[in-house]
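For reference, the structure discussed in these notes is given below.
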Amino acid sequence: MKIVCRCEDVTYDDVLDAIKKGYTDIEELKRYLRCSMGTCQGRGCNRLLRQILLEQGVKEVPFTKNRPPVKPVSFFLLEDEVEEREGDENE
Amino acid sequence: MSKTVIIGGGVNGASIAYNLAKLGESVTLIERGYITDGATGKCGGGIRTQFTTEETCRIALESSKLFDSLAEELACDIELRKGGYLILAHSDKELEEFKENVRMQNSIGVPSRILTVKEIEAFGVEPYDAVGASFCKMDGVANPFKVSFGYRDRAKELGADIRTHEEVRKISYNGGFEILTDKNNYGADFVVNAAGYESKKIADMLGVSLPIEPYKHEIFATEAMDHFLDPMLMSFSKNFYISQTVRGELVGGYSPLEAEPTEDLTPTLSFAIRAKKLFEEHLPQIKSLRLLRQWAGAYDMTPDALPILGPAGYERFIQANGFSGHGFMLSPFVGRAIASMITGSERYRDLVSSFSFERFKRGVKREKGVVG
Ligand SMILES: Cc1cc2nc3c(=O)[nH]c(=O)nc-3n(C[C@H](O)[C@H](O)[C@H](O)COP(=O)(O)OP(=O)(O)OC[C@H]3O[C@@H](n4cnc5c(N)ncnc54)[C@H](O)[C@@H]3O)c2cc1C
Ligand code: FES
């Protein structure tokens, strides 16, 4: 069994199955399978997912949109960072 | 040609398509992007029955019951978890209003009740400035993607024609409807307008003016943590909600009380910071968590914050829009009610009569239980 997405436990067969059901838009496929929506936010699987779509004859496969932040940030740090920035402005 | 063309592939369009197909009706659904591309894909997944108007409570109750058997009906795990909704009251005056709401809710079968500050603590929630709360164990959360795709997959199996990546550009009426997209031309007896905040643009194509405006709402998800929060925590006066999904992520949002309509849905850093400050007062754990994603969507708001269900302008031009922040929780009901309307059944007639387009001519009372 080939794994495509480690975070969300999605296999190669799962992807083929979904494509067969008509999910050929990478954004839709991502949401249907949760593939690329795990903790690593697709860093581990997004390229594979694109590759499978291309391999299955889907012509245009755009890169998926990422939701901010680019990397997970701690809420705690988030505040510090902004207070620092606000501090800078006051100087 | 299908008897019915549905415009919009959000959870409501998908639910209507499924319910029509289940009744053996011919139906085509047209979605500009992909299924869940609109507000549905931005949604917090909350399901509740605690509203301030009786008509809304009634349809929310019906819908909440339908959710209980939906996983079985759609043969997919919709990640439903009914841990209740806990709505904080931040002043004695607000608590008095909640007591009245609970009385009304109980009278129609919604099992809500008032909580004391001690009882709030027992849910693992820091009361902070709360003086009490209203709680209903029948409320909860489910996964909007799973529900929408579940409806879409079953609808398709039952013969519904699902067209994605196709945009409706023009509609005309000449005894029947003609729907023109960027790819095709369709005829139909019924058109269902389930295009979310863009429903106004769809109705404009037929010269019907819907009182719907888009309002931006931001939302975030954290990384997963061990389960600690059972209910969806919510506040009307601070305008926030937060819940923990089956997977352990915290999903929450808040919105400024005063806002202007807009279609700009850019996520902002100031939202994340404000949200964190609001939530750490009641859930100190959040400080140590990492923010995984944040995004924004639009509520399709009517003047009374209640949906439009039924014809507008033409007898067979059916609206399923204006859902404000409640279109997901109502979708199982909406699918049934609209399908029943199209097939000429009387079953849901009384329940939906309060949500007619005509009501705006008479003047309306606003639903106050709106959040986010
Ligand atoms: C941040 C946020 C949190 C929310 N939280 C909750 C919650 O906890 N509980 C709850 O019940 N609700 C919640 N909601 C509200 C809920 O998401 C919506 O009410 C619901 O998803 C609406 O579904 P819909 O199918 O009516 O519309 P949408 O999902 O908006 O679907 C409309 C579709 O129509 C398509 N469309 C538009 N124009 C055209 C055209 N010309 N041709 C073809 N297609 C077209 C769009 O692409 C879109 O996919 C939330 C909303 C937001 C933004
Ligand atoms: S490997 Fe797919 S989201 Fe991480």
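Note that the coordinates shown come from a computational prediction; the quantities given were computed from them, not determined experimentally. These numbers come from the heavy atoms of this one structure, side chains and all, not from hydrogens, waters or symmetry mates. Order of the sequence lines sets the chain letters (A, B, ...), proteins ahead of strands, with each chain counted from 1.
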Check this for me: does any side-chain nitrogen of one of B:E79 and A:R34 sit under 4.0 Å from a carboxylate oxygen of the other?
no
Interatomic distance, B:D37 atom CG to A:R31 atom CZ [nearest 0.5 angstrom]:
7.5 Å
Is A:R43 atom CZ crowded by more than 12 heavy atoms from other residues, nucleotides or ligands, each under 6.0 Å away?
yes
Crowded around B:D226 CG? As in, over 12 foreign heavy atoms under 6.0 Å?
no
Pair A:E8 + B:R247: basic N to acidic O under 4.0 Å:
yes
Within 6.0 angstrom of A:D9 CG, more than 12 heavy atoms from elsewhere:
no
Write down the atom of B:L292, the atom of A:T39, and the distance for their closest heavy-atom approach.
CD1-O, 3.8 Å
Kindly indicate, with the supporting measurements, whether the criterion side-chain contact (heavy atoms from CB on, under 4.5 Å) is fulfilled by B:Y34 and A:T24.
CA-CA 10 Å; B:Y34 52 88; A:T24 53; over 6 Å; no
Note: A:S74 and B:K287 closest approach over all heavy atoms is OG-O, 4.2 Å
Toward chain A, the part of B:T164 with a non-hydrogen atom under 4.5 Å
side chain
What part of B:F220 gets closer than 4.5 Å to chain A, counting heavy atoms only: side chain, backbone, both or neither?
side chain
Which atoms of B:E157 are under 4.5 Å from chain A, going by heavy atoms: the side chain, the backbone, both sets, or neither?
neither
OH of B:Y128: more than 12 outside heavy atoms within 6.0 angstrom?
no
With ring pair (Phe, Tyr, Trp, His ring centres under 6.0 Å) as the test, would you mind laying out the steps for B:F149 and A:Y23 before giving the verdict?
CA-CA 10 Å; B:F149 292 127; A:Y23 294 101; 5.3 Å; yes
Quick one: what part of B:Q294 sits under 4.5 Å from any heavy atom of chain A, side chain, backbone, both or neither?
both
Check step by step if side-chain contact (heavy atoms from CB on, under 4.5 Å) holds for A:E28 and B:I35.
CA-CA 7 Å; A:E28 191 174 33; B:I35 302 294; 3.4 Å; yes
State, to 0.1 Å, how close B:H165 and A:D25 come at their nearest heavy-atom pair, and which atoms those are.
NE2-OD2, 2.5 Å
Given a strict heavy-atom distance threshold of 4.5 Å, which part of B:T222 is in contact with chain A: side chain, backbone, both, or neither?
side chain
Is the count of non-hydrogen atoms from other residues, nucleotides or ligands lying under 6.0 Å from A:E55 atom CD greater than 12?
yes
Among B:T36, B:I162, B:D153, who wins on heavy-atom pairs under 4.5 Å with chain A?
B:D153
Would you please test B:F145 and A:M37 for side-chain contact (heavy atoms from CB on, under 4.5 Å) and show each step?
CA-CA 12 Å; B:F145 294 109; A:M37 287 174 82; 4.2 Å; yes
